[in-house]
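Note that the coordinates shown come from a computational prediction; the quantities given were computed from them, not determined experimentally. Note on naming: letters A, B, ... go to the chains in the order of the sequence lines (proteins, then strands), and numbering restarts at 1 for each one.
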Amino acid sequence: MELIIQFGVIAFLLLLGLVFGRAAEARHFRELKQKELILRQVLVFSEKHPPADQEFRGAKLVVGSVVIAEDYFKRIAASLKSLVGGRLTAYESLMDRGRREAIVRMKQAAREAGASMIFNVRIETARLSESDSNRQALFAAEFIAYGTALVPANRP
Amino acid sequence: MEITNLESIPGKSITRHLGLVQGSTVRSKHVGKDIFAGLKNIVGGELKAYTELLNESRAEATERMLAQARAVGANAVVNVRFATSNIAAGAAEVMAYGTAVVVQ
């Protein structure tokens, strides 16, 4: 009996994760697409040196960050998949969302500063975990994107 | 005080290098935020409380770095880097470091 209840709880959490997690992910990707379209005028480079033939008025460090966690379904799906190895698509989409969101936020910060270009962009990922004795480790990661926003001198 | 993560500040020249300056802070969430994140873990997605916490930490680390830079007489910090590390369950260190310089 106890086993059935336990199994039921796991199945319920899986279902919750699958339904709400999927819906949230689809919504997030839609939002990202929209925001990226709006922010496409802000150019992003990992290049260290801004073009020498252009003059700039101001330089400002801009940062975008986000902490994203897996859902219950992803966790189970990934742990099952890692038994056979190969691509963990559950995590691939999570990383993609996090990184794109961080870049979008960095671009928003740059646009608020009136800049149109960001140079020397660095992207970092840091794992944040929480391990309790009675709980499984939570997978959450922080994504940071930062760079130097430059305002062209010829702009009003 | 100007901060960039380039090696120089466009349109200005560096007249003096004053060495490495850094600032860091270690923070953890309070219990209420933790419970929220625990529920969120079932459906996943952004943990806004954590995003906020780390943003505040980063602002504080940057402020401490700037305080060091001011103390050595700099008017800009270049080549700034950020680093986050998870040092204990529920606590994260955020660090900012860069080179303090005098620009003209």
Does a salt bridge link Glu25(A) with Lys74(A), judged by any charged N lying under 4.0 Å from a carboxylate O?
-> yes
In Å, rounded to the nearest 0.5 Å, how long is the span from CG of Leu88(A) to OG of Ser79(A)?
-> 9.5 Å
Neighbour count above 12 (heavy atom, 6.0 Å) for Arg16(B) CZ = no
So which of Ala24(A), Gly21(A), Ser65(A) has the largest heavy-atom pair count under 4.5 angstrom toward chain B?
-> Ser65(A)
Below 4.5 Å from any heavy atom of chain B, which atoms of Val19(A) appear? Answer side chain, backbone, both or neither.
-> neither
Under-4.0 Å salt bridge between Glu52(B) and Lys48(B) | no
Portion of Lys60(A) that has a non-hydrogen atom of chain B nearer than 4.5 angstrom | backbone
Quick one: which of Thr84(B), Leu54(B), Leu6(B), Asn55(B) has the most heavy-atom pairs under 4.5 Å with chain A, could you say?
-> Leu6(B)
Identify which part of Glu55(A) has an atom lying under 4.5 Å from any heavy atom of chain B, answering side chain, backbone, both or neither.
-> neither
Let me know if Ile144(A) has heavy atoms under 4.5 Å from chain B in its side chain, its backbone, both or neither.
-> side chain
Ranked by heavy-atom pairs below 4.5 Å to chain B, first place among Phe73(A), Phe56(A), Tyr146(A), Phe20(A) goes to Tyr146(A)
Parallel, tilted or perpendicular, as decided by the 30° and 60° cut-offs, for the rings of Phe119(A) and Phe45(A) = parallel
Atom group of Arg58(B) that falls short of 4.5 Å from chain A, counting heavy atoms = side chain
Could you check which of Asn120(A), Val121(A), Ile68(A) has the highest count of heavy-atom pairs closer than 4.5 Å to chain B?
-> Asn120(A)
Atom pair CG (Leu13(A)) and CG (Leu18(A)), whose distance is rounded to the nearest 0.5 Å = 12.5 Å
Could you tell me whether Glu46(B) and Arg97(A) make a salt bridge, using a distance below 4.0 angstrom between a side-chain N and a carboxylate O?
-> no
Check each atom of Leu150(A) against the heavy atoms of chain B and say whether the ones under 4.5 Å are side chain, backbone, both or neither.
-> side chain
Between Ala83(B), Pro10(B), Ser85(B), which residue shows the highest count of heavy-atom pairs closer than 4.5 Å to chain A?
-> Pro10(B)
Tell me, for Arg27(A) versus chain B, whether the close heavy atoms (under 4.5 Å) come from the side chain, the backbone, both or neither.
-> neither
Distance-only polar pair, side chains of Glu142(A) and Tyr50(B), donor-acceptor under 3.5 Å = no
